[in-house]
Amino acid sequence: MASLITAKAIMMSHHHVLSSTRITTLCSDKAIDNQQRKTKLHISHRFFSRRTISAAVINSASPVPKKETVEDERRCHVAWTSVQQEKWEGELTVQGKIPTWLNGTYLRNGPGLWNIGDHDFRHLFDGYSTLVKLEFDDGRIFSGHRLLESDAYKAAKKHKKLCYREFSETPKPSRSNFKNPFSGVGEIVKLFSGESLTDNANTGVIRLGDGRVMCLTETQKGSILVDHDTLETIGKFKYDDGLCDHMIHSAHPIVTETEMWTLIPDLVKPGYRVVRMEAGSNKREVVGRVKCRSGSWGPGWVHSFAVTENYVLIPEMPLRYSVRNLLRAEPTPLYKFEWCPNDGAFVHVMSKLTGEIVASVEVPAYVTFHFINAYEEDETGEGKATVIIADCCEHNADTRILDMLRLHTLRSSHGDDVLPDARLIGRFRIPLDGSKYGKLETAVEAEKHGRAMDMCSINPLYLGLKYRYVYACGAKRPCNFPNALTKVDIVEKKVKIWHEHGIIPSEPFFVPRPGATHEDDGVVISIVSEENGGSYAILLDGSSFEEIARAKFPYGLPYGLHDVEPQLSPPSESDTITVTCLGAASGSLFPPIH
Ligand SMILES: CC(=O)/C=C/C=C(C)/C=C/C1=C(C)CCCC1(C)C
Ligand SMILES: CC(/C=C/C=O)=C\C=C\C=O
Ligand SMILES: [Fe+2]
């Protein structure tokens, strides 16, 4: 195993520990598997033998497991265990053959550290951002991971406690504030000024048209620039406009070579601002604003949205931001949101050029994190778009998925068939003729992908255009979480599944082959967490969906959320870089550094 790591760079980490320098901690969650613990310890000792031990451990020792968690322990999967050290870099040994055209760096972001000392976080989305890179260089893969130095992570490390509001976690008031009758007011002010909100940018990573690489979450202050080669944190992305007052935004902007589009929800006067930022600029301009149609207090949650060539699609889900739930110290099963199906579900369509709303339709209730793609269709053949098709991973209007992503549930139910059913594709048909209603249909029979589907990507060259293939995480039942990589042919309604026993793969990322003429000519990259505590990067052929190569990490990596996002520039035959992508789930390879 030690030979897996070559001399390129070994164990860069020198600093900070959260609380303990003991090497024995892999996951302070009560649910760690004993066998896995042994395996991982073994691995970590091999790791640490190359360097001084004190630098690397970021977790404290696990608390003694309670009796009732013995069963949980048996089942804990490395996907839900914290990374063992702040950073690592090394070469991976490749089995199989990496295509010669695949050169550049793939990045993945996601929550990788779910505890501060003995305090275990509650939800998948609470974990501190951990970047993973795969640098493809002439058939070799240099890899690494590194925790993002957000203010939230640095403060937790320094004070050994949670200091900012995460997705489900709220810091406890300080002892001196317990008796202060005004401390509640102070907390509300801190919340609505954004001061107490996290900047833990653990959701996505994008490359802006000017080359800057930014990690993101749903808070605007969690827009953080990183160096894609060293994975070092550069600093906050400073928006040069007055729009940060609104505190939150979509976690999945859509980025091309020339611009970035995103949505800024307005919690006070429920609605959304649609904003556009020119490549090279830090200033977003408001292209238009859409008012929410429902009478609810808060706007619908917008984790992601979609664009076509000429339009921006603004979802208004019945799952809405809830000021009441935001103020609660203890989370509800819907966290900061509430479910208001009686107030209606809508999709709005805005012209990119004029900011006008060209359609606003009521649709059946829906729950989605991720839009896949959208395009305009001319159904009458008169030379103009008559309908917009917008696809998303739709959870059958069932909000249980949000609470299903609680770490305790994920850790204790591995192998149980408890993942709520979802469909691919939730396909919206939005007429552009002024009709009041749009449709929401199932494009591909859910049984074919195991009744679960999320974390999607497409060929980035098809952003906003009619397309045929979706790559996503699907399910091989029984499972408690998507456990397969899936390719869906929307036209033929066929599904290809790649699966190995016990795996949890992260979002597949499609890279088109330079010069390709078929939409699925390229490779699919994913990082897989294994039941035995290990992990590996996998490359599948985009067309046959068969394995081309894999490269094992010398340690287990947790689950990650998203790959690098949109970068749209058609690759040519001579390009060695392949760039990409779109929508919620997408990626790009950065050019090799010389
Ligand atoms: C990881 C992921 O997909 C989503 C993360 C979402 C976060 C961190 C949301 C945070 C929020 C707050 C801390 C308060 C305000 C509302 C909201 C944006 C949900
Ligand atoms: C991981 C996930 C849903 C999986 C369900 O099948 C959603 C992630 C959302 C945030 O990026
Ligand atoms: Fe997401």
Side-chain angles (χ1 to χ4, degrees), residues 79-80 109-112 114 121 123-129 150 152 162 164-171 190-192 194-205 215-222 246-253 264-265 267 298-299 301-305 319-323 325-328 331 334-337 367-371 392-396 398 400-405 410 418-424 449-457 472-475 479-484 486 504-507 559-563 565 583-586:
W80 321 120
N109 193 2
W114 287 285
F121 290 169
H123 197 276
L124 175 65
F125 297 168
D126 291 328
Y128 292 116
S129 161
S150 60
L162 185 82
Y164 289 85
R165 281 171 184 259
E166 296 296 337
F167 178 80
S168 88
E169 295 278 340
T170 309
K190 278 194 204 158
L191 172 60
F192 288 100
E195 193 187 324
S196 60
L197 293 188
T198 187
D199 67 338
N200 169 23
N202 65 4
T203 310
V205 47
C215 294
L216 290 151
T217 181
E218 295 193 5
T219 60
Q220 290 204 37
K221 68 199 273 202
H246 297 281
M247 298 183 315
I248 57 181
H249 59 184
S250 158
H252 293 291
I264 302 183
L267 298 179
W301 183 18
V302 270
H303 183 73
S304 75
F305 63 102
L319 185 61
R320 295 176 174 278
Y321 298 95
S322 158
V323 172
N325 287 348
L326 261 170
L327 292 175
R328 283 182 213 267
L334 291 179
Y335 302 89
K336 315 284 196 277
F337 309 101
V367 168
T368 184
F369 295 105
H370 299 123
F371 275 81
C392 68
C393 302
E394 207 278 308
H395 291 266
N396 289 334
D398 183 349
R400 276 180 308 155
I401 184 64
L402 205 55
D403 213 29
M404 187 61 218
L405 304 179
L410 292 169
V418 291
L419 181 65
D421 289 1
R423 62 171 150 182
L424 190 105
H449 53 71
R451 292 173 281 110
M453 185 61 74
D454 213 307
M455 313 308 282
C456 44
S457 73
C473 295
C479 64
N480 69 341
F481 193 81
N483 60 350
T486 309
I504 299 188
S506 63
E507 179 173 272
Y559 182 70
L561 287 173
H562 296 290
D563 316 307
E565 291 253 332
S586 45

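Values in this document were obtained by computation on a predicted structure and should not be read as measured data. Start at 1 and go down the list; that is how both ligands and their atoms are numbered.
- S129 contributes a side-chain N or O that, together with a main-chain N or O of A201, makes up a donor-acceptor pair within less than 3.5 Å.
- For the pair N325 (side chain) and F337 (backbone), a donor-acceptor distance under 3.5 Å is present.
- Within H562, the N, O or S atom at minimum distance from the Fe ion (ligand 3) carries the name NE2.
- Under the ring pair (Phe, Tyr, Trp, His ring centres under 6.0 Å) criterion, H246 pairs with no residue, sequence neighbours left out.
- With sequence neighbours left out, I248 forms a side-chain contact (heavy atoms from CB on, under 4.5 Å) with P265, L267, Y321.
- For the residue pair H249/Q220, the side-chain donor-acceptor check at 3.5 Å is not satisfied.
- Computed with the Fe ion (ligand 3) at the centre, the H370 NE2 to H252 NE2 angle is 110°, stated to 10 degrees.
- Protein residues having a heavy atom under 4.0 Å from any atom of ligand 1 are F125, R165, E166, F167, L197, N202, T203, T217, E218, I248, H303, L326, K336, F337, L561, listed by chain and number.
- Of all non-hydrogen atoms in F371 and S304, the two that sit nearest each other are N-OG, 2.9 Å.
- The main-chain N or O of A422 is never found under 3.5 Å from a side-chain atom of E394 such that the two would form a donor-acceptor pair.
- F481 has its ring centre less than 6.0 Å from the ring centre of Y559.
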Dump all N/O pairs between ligand 2 and the protein below 3.5 Å as a table: atom names plus distance, one pair per row.
from     : atom 1 : to   : atom 2 : distance (Å)
ligand 2 : 11 (O) : H303 : NE2    : 3.1
ligand 2 : 11 (O) : H370 : NE2    : 3.2
ligand 2 : 11 (O) : H562 : NE2    : 2.9

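- Taking the six-membered ring where the residue is Trp, the centroids of F167 and F121 are separated by 6.0 Å or more.
- A donor-acceptor pair under 3.5 Å is formed between the side chain of N202 and the backbone N or O of G127.
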